[in-house]
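Residue numbers start from 1 in every chain, and the chains themselves are labelled A, B, ... in the order their sequence lines are given, proteins ahead of strands. What you see below is based on every heavy atom in this structure, not just the backbone, and it leaves out hydrogens, waters and symmetry mates.
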Amino acid sequence: MDRRSLIRALGGAIVAAAALPKLAWAAWSSNAMKAGESTAAMNELFGTADVVASAEVKLKAPEIAENGAVVPLEVSTDMPAEQIAIFVDKNPSPLVMTATMGAGATGLVKTRVRMGESSNVVAVVKSGGKLYSASQEVKVTIGGCGG
Amino acid sequence: MFKGMISALALGVVLTATASSSVESVIADAVAANKQAKALGHEWNVTGKAIKAAQAALKAGNEAEAMELAAQAKYMAEASVYQANDEKEAWKLRVPR
Amino acid sequence: MKKLTQLGILVSVAVSAPALASPEQDRATFEKFYESRFPQVAEGDFINGVYSILPAAREQWEAIEEFPPYEVAIELGEEIYNTPFANGKSFADCFDTPAQRENYPYWDSERGKVVTMEAAINECLVENGEKPFKTKKGKLAEVSAYMSYESRGQTINVQIPDDPAALAAYEQGKQLYYTKNGQLNFACSDCHMYGSGLNARAETMSPSLGHTSHWPVYRSKWQDMGTLHRRFAGCMTNVRAKPYKALGEEYSNLEYFLTYMSNGLEFNGPGARK
Amino acid sequence: MAKTIRGKAKAKNGLVDVKLLMKHPMETGLRKDKDGNPIEAHFIQTVEATANGNTVFSAQFNTSVSKDPYLAFSFSGADKGDVLNIAWIDNKGETDSADVAIK
């Protein structure tokens, strides 16, 4: 299922779903994005939730978030990576983002995410068609010292 | 020490207030004391709200609640004046030598 | 006869020598307090606030600093700085260079008051027939962010001239710093001196040495830039006191005292905080 | 649409390090405004980075990505002087794009 046929398949859905804007590039994986639970989101995104924890995947995440609205995350791997996805288990929609490595891209993604509450953060790397993961518990505290 | 003193004083004020002066005069005392605290630079941001709550309860006609809120407002206003006067000298103790 | 008068002067000076320590003695004691409380902090690193004493939090801060949210404000500030007023002049006519942090806050003897950089920005507007900016955030914070960015690396060097009124302003700022306020009954020193490094809920109290080096600040809590006086007001609200006015005398004197305490350190604004 | 994309792209021994900051409210649709009515979801859904004609990196964001999203990645196959084009589209169909010079 390469990208072009994916778009054609989704293209049909989009037209059926009335006046959504015609997306020129990779379609937005709405089923995966809307899934309310990590495993379901993973299944929607990758077609499987069969993932193995691996030291090859490095997830840099804070133990205690300075601010739940801006949690800096970094996922990196030396494996040849096709896709990287980040899940925050306890978020309303756990799939936070997914990145597809294009021509020459290395296995690296940095971003800043929102976390509603303390939760396990899972990074999944797709390499050679298989899924590898790393995870870490990130605590989110109620900010502020008075008031 | 200071915290314990606050609750003791609060209890004392509430009891005597219900017995004697009416709600308006307690509110007036609170407003006066709060103005004094403001002049001394020690107005608390909770006092104004308590005064408004007391005035609203009074307007709404529930006398008992208004008295309770008025007494709290008066207590807070007077405590902030006490803090201002006490701190005129006390701050020097915190300057490192 | 001349000798006698000299003697007279000498005596009067000795008698009226201020019982209070001089600002410079205050500063030395202030600095020694923090250097002995946090010996692990490298020379000059206090300008990074709580991140100078919290390694884990510092890592997250450095990740944010890779592309800090205040960069937007710096660009907007530069635009405003160079945009001519209705009368054709611009901020460039008020300031010879945007890098002004090292000249502020200063004691203005004619007007008898402390002038902060943010106040000078608004005064420049008023002098040119423009409306002053709002005093806690928005355009004032943006112009200040641009000017602070241009001033990075300048040494903090607040002067207290030999003028009793200037010394009084310094003493008022100092008194405010050590005075308990609000229903929670805290003084700045309770948390930021004697409590520095300890936690209030999940927040670690930052040390006051270097406190005013990195303003204005983009706080992710505000999702916005804010000036130092916005932070003073926020902190006083935290202890349930009614805050004073931004750019008012109380906060300007407090900034005068606190910045003097950090003399010798470097300006590194604008900053990013939680 | 005011310039919403700020980028830094540095080429170093064959790799280009890219850092992006995009100005966008990233409303989750779960927030309410001052008078209590919910604020509509409004967030960047896809970001595409192309250099020398091919897509080097693309990302899909969900509502959990922070306001003014930050995105960093690295790729090989371009050098100083080349241009990296960044484009995004959000759930309302609004878009913006910008060229980032590789230094």
Side-chain angles (χ1 to χ4, degrees), chain B residues 1-14 29-54 68-97, chain C residues 19-23 25-37 170-196 207-209 232-245 248-251 253-254 257 261:
Chain B
M1 185 282 295
F2 193 77
K3 288 263 171 321
M5 231 181 53
I6 285 189
S7 40
L9 264 176
L11 202 61
V13 164
V14 169
D29 295 347
V31 170
N34 198 32
K35 207 177 258 105
Q36 200 191 346
K38 186 181 174 73
L40 296 164
H42 277 258
E43 184 184 357
W44 295 356
N45 65 3
V46 283
T47 316
K49 290 179 201 130
I51 290 172
K52 283 199 190 69
E68 167 74 16
L69 290 168
Q72 276 176 21
K74 176 177 176 181
Y75 169 73
M76 282 192 242
E78 285 172 350
S80 56
V81 171
Y82 172 89
Q83 179 191 58
N85 293 327
D86 186 53
E87 278 299 307
K88 281 201 179 93
E89 288 307 314
W91 70 273
K92 292 176 181 153
L93 303 171
R94 289 174 213 110
V95 182
R97 269 181 264 310
Chain C
L20 292 172
S22 75
Q25 284 158 338
D26 285 346
R27 195 202 58 73
T29 311
F30 197 87
E31 183 182 40
K32 195 152 65 53
F33 175 90
Y34 286 102
E35 281 170 352
S36 52
R37 188 178 175 89
Y170 163 83
E171 285 296 329
Q172 267 160 35
K174 173 175 158 185
Q175 178 170 348
L176 175 55
Y177 182 80
Y178 293 105
T179 295
K180 281 182 181 293
N181 212 326
Q183 186 179 32
L184 297 186
N185 198 35
F186 281 117
C188 313
S189 54
D190 293 337
C191 292
H192 293 290
M193 186 167 234
Y194 302 107
S196 56
S208 272
L209 187 58
F232 285 159
C235 209
M236 274 181 83
T237 306
N238 277 341
V239 300
R240 297 189 192 160
K242 204 143 204 287
Y244 303 124
K245 238 160 47 64
E249 189 190 25
E250 300 88 349
Y251 286 159
N253 289 348
L254 178 59
F257 162 76
M261 288 297 112

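- Listed here is the closest heavy atom pair of B/Glu87 and C/Thr179: OE1-CA, 3.6 Å.
- Of the two parts of C/Met193, only the side chain, counted from C-beta on, holds a non-hydrogen atom closer than 4.5 Å to a non-hydrogen atom of chain B.
- In terms of heavy atoms, C/Gln175 sits closest to B/Lys88 at NE2-O, 4.4 Å.
- The number of heavy-atom neighbours closer than 6.0 Å to CD of C/Glu249, taken from other residues, nucleotides and ligands shown, is 12 or below.
- Between B/His42 and C/Lys180 the shortest heavy-atom distance is CE1-O, 3.0 Å.
- For the options C/Thr29, C/Val239, C/Asp26, heavy-atom pairs under 4.5 Å to chain B are most numerous at C/Thr29.
- The distance from atom CZ of B/Arg97 to atom NZ of C/Lys32, rounded to the nearest 0.5 Å, is 12.5 Å.
- A pairwise comparison of heavy atoms in C/Lys174 and B/Val95 identifies CE-CG1, 4.1 Å as the closest pair.
- Residues B/Arg94 and C/Asp190 have side chains in contact (heavy-atom distance under 4.5 Å, counting atoms from C-beta outward).
- Remark: C/Phe30 CZ is packed, more than 12 non-hydrogen atoms of other residues, nucleotides or ligands lying under 6.0 Å away.
- With sequence neighbours left out, the side-chain contact (heavy atoms from CB on, under 4.5 Å) criterion links B/Ala32 to no other residue.
- Contacts between C/Tyr177 and chain B at a heavy-atom distance below 4.5 Å are absent for every atom of the residue.
- How far CG of C/Asn185 is from CH2 of B/Trp44: 7.0 Å, rounded to the nearest 0.5 Å.
- Closest of all the heavy-atom pairs between C/Tyr178 and B/Trp91 is O-CB, 3.5 Å.
- Identified under the salt bridge (charged side-chain N to carboxylate O under 4.0 Å, His left out) test for residues 40-50 of chain B, with sequence neighbours left out: B/Lys38-B/Glu43.
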